[in-house]
Amino acid sequence: MPELPEVETIRGQLAPLVQGRTLARMEILDSRWSRPLAPQELSSALEGRRVLALERRGKYLLWRFAGEAYLAQHLRMTGSVLLDPRPEPLHTRVRLAFEPAQKLAIVDPRRFGTGELLLGEPAMEAFFAARLGLEPLQEGFTAEHLREIARGRLGPIKAFLLDQRQIAGVGNIYADEALFRARIHPRRPAGRLSREQYALLRDSIVEALRAGIDAKGASIDDFRHVDGVKGAFQDRFLVHLRAGEPCVRCGTTIVKLVVAGRGTYVCERCQPRPRLRRAARRGDGASRPARPRR
DNA sequence: CGCCCTGTTGGGGA
DNA sequence: ATCCCCAACAGGGC
């Protein structure tokens, strides 16, 4: 019998455990988890249905049930899906029982995680279309694509990378890593990079994702929270959480900033700060002439 | 011991 | 379009 590690969620291993089984009982212990319906109604909608497949969409876990019923589950920061953990963890939010017998628990100390019921394929596709851009490892994720979706955007490139509607699946650690590898400062306006920088950034995003997969000994479709980023990621992630340490490339001390409301680590020599852009003001006629867009 | 800060995320309101 | 704050909890620094 396959075993799931105690404290990790691995879709790649989870899927074979539930596919083809019927969800016999679903107990939602935290009403916050359940969307858009109340827990009782959401469980009723899914109980008795067979699980056709379990997929990953960006950072969502997508459960496909018979009859075009779907559950878009998000683990947020501290969620995990455990295989029949005993004793039951303190922060168990949902209990799932399948037939033939199989039990899972959705555990989430911080209670940010959610389960969204979607009825009908169009509703399901619309849900993701509204929230997720291209996956970095998908065919069309090219430098040109990146340049096009960033065109005209003046917000910081880091915020842009974290925006799931632009690119699906890039998280805070990955964004820092990709920008470091591409030697781009996180505060650079997203739409103002050179063609070469978009190309480098595109490759760096892919590299960062591969580094993460590698560090975890996982596959791209796995969800796995590593126990302590500082431990498992240290060798492959070159800037994140390294404030005070020397940059591996130039020796300059890594500093921590806050960009897009997230802790952001940067080597300000390898990743030069953008020139301060002055707000256009009346009487500021001496400033450089506006460059034509496009 | 208590207080304060931080965080693998995303959404809503300003 | 963008920014700020919030959700709720644990763990670390002081």
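Proteins come first, then strands; the chains are lettered A, B, ... in the order of their sequence lines, and each starts at number 1. Predicted, not measured: the structure shown is a model, and the values here were computed from it. What you see below is based on every heavy atom in this structure, not just the backbone, and it leaves out hydrogens, waters and symmetry mates.
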Without decimals, in angstroms, what is the distance between L75(A) CG and dT9(B) P? 12 Å
For atom CD of E116(A) and atom P of dG11(B), their distance in whole Å: 9 Å
Has F112(A) got its ring stacked on the base of dA7(C), with centres under 5.5 Å and planes less than 30° apart? yes
With sugar-phosphate meaning primed atoms plus P, OP1 and OP2, does G171(A) contact a base, only sugar-phosphate, or nothing at under 4.0 Å between heavy atoms? sugar-phosphate
Check whether the side chains of H185(A) and E268(A) place a donor and an acceptor atom closer than 3.5 Å, and report yes or no. yes
Proximity to the side chain of R131(A) - top-ranked nucleotide from dT8(B), dC3(C), dG11(B): dG11(B)
Taking the six-membered ring of F65(A) (Phe, Tyr or Trp), confirm whether the NZ or CZ of R49(A) is under 6.0 Å from its centre and within 45° of its axis. no
What is the separation between atom CG on D108(A) and atom C1' on dT9(B), rounded to the nearest whole Å? 11 Å
dG11(B) P sits how many Å from R111(A) CZ, rounded? 19 Å
Between P of dT2(C) and CD of Q166(A), the distance in whole Å: 9 Å
Between S34(A) and S31(A), is there a donor-acceptor pair closer than 3.5 Å when you use the side chain of the first and the backbone of the second? no
Per Y265(A) side chain, nearest of listed nucleotides dG7(B), dA10(C), dT9(B): dG7(B)
dG7(B), OP1 or OP2 - any side-chain N/O from R76(A) closer than 4.0 Å? no
By nearest heavy atom, map H91(A) and G155(A) onto DNA chain C; which one lands nearer the 5' end? G155(A)
Answer yes or no: does a side-chain N or O of Q164(A) lie under 4.0 Å from OP1 or OP2 of dT9(B)? no
Span that lies between the P atom of dT6(B) and that of dC4(C), in whole angstrom: 15 Å
Using 30° and 60° as the class boundaries, would you call the ring planes of Y174(A) and F237(A) parallel, tilted or perpendicular? perpendicular
Please report, rounded to the nearest Å, how far the P atom of dT8(B) is from the CD1 atom of I173(A). 6 Å
Please confirm whether F127(A) and Y60(A) have ring centers closer than 6.0 angstrom. yes
Between R262(A) and dG10(B), is there a contact of a side-chain N or O with OP1 or OP2 at under 4.0 Å? no
Test your reading of the model: is there a side-chain donor-acceptor pair from R192(A) to the backbone of R188(A), 3.5 Å cut-off? no
Member of L42(A), L62(A), L118(A), V51(A) meeting the side-chain contact (heavy atoms from CB on, under 4.5 Å) criterion with L71(A): L42(A)
To the nearest Å, how far apart are K158(A) NZ and dG10(B) P? 13 Å
Report yes if some heavy atom in the side chain of R131(A) is under 4.5 Å from a heavy atom in the side chain of Q164(A); otherwise report no. no
Considering only the C1' atoms, how many Å lie between dC5(C) and dC5(B), rounded to the nearest integer? 16 Å
Would you please confirm or rule out a distance under 4.0 Å between OP1 or OP2 of dT8(B) and any side-chain N or O of K59(A)? no
Which is more 5' along DNA chain B, the nucleotide nearest T78(A) or the one nearest L162(A)? Just name the residue. T78(A)
How is G263(A) classified with respect to the nucleic acid when contacts are heavy atoms under 4.0 Å: base, sugar-phosphate, or nothing? sugar-phosphate
Short side-chain N/O contact from H74(A) to OP1 or OP2 of dT9(B), under 4.0 Å: no
What is the nucleic acid contact for Y60(A), judged by heavy atoms within less than 4.0 Å: base, sugar-phosphate only, or nothing? sugar-phosphate
Once you apply a heavy-atom cut-off of 4.0 Å, does R153(A) come out as touching a base, just sugar-phosphate, or nothing? sugar-phosphate
Atom-to-atom span, CG of N172(A) to C1' of dT9(B) - whole angstrom: 9 Å
Starting at the 5' end of DNA chain B, write a dot or bracket for each base, bracketing those in Watson-Crick or G-U wobble pairs whose two distances are under 3.5 Å and using | for partners on another strand. .||||||.||||||
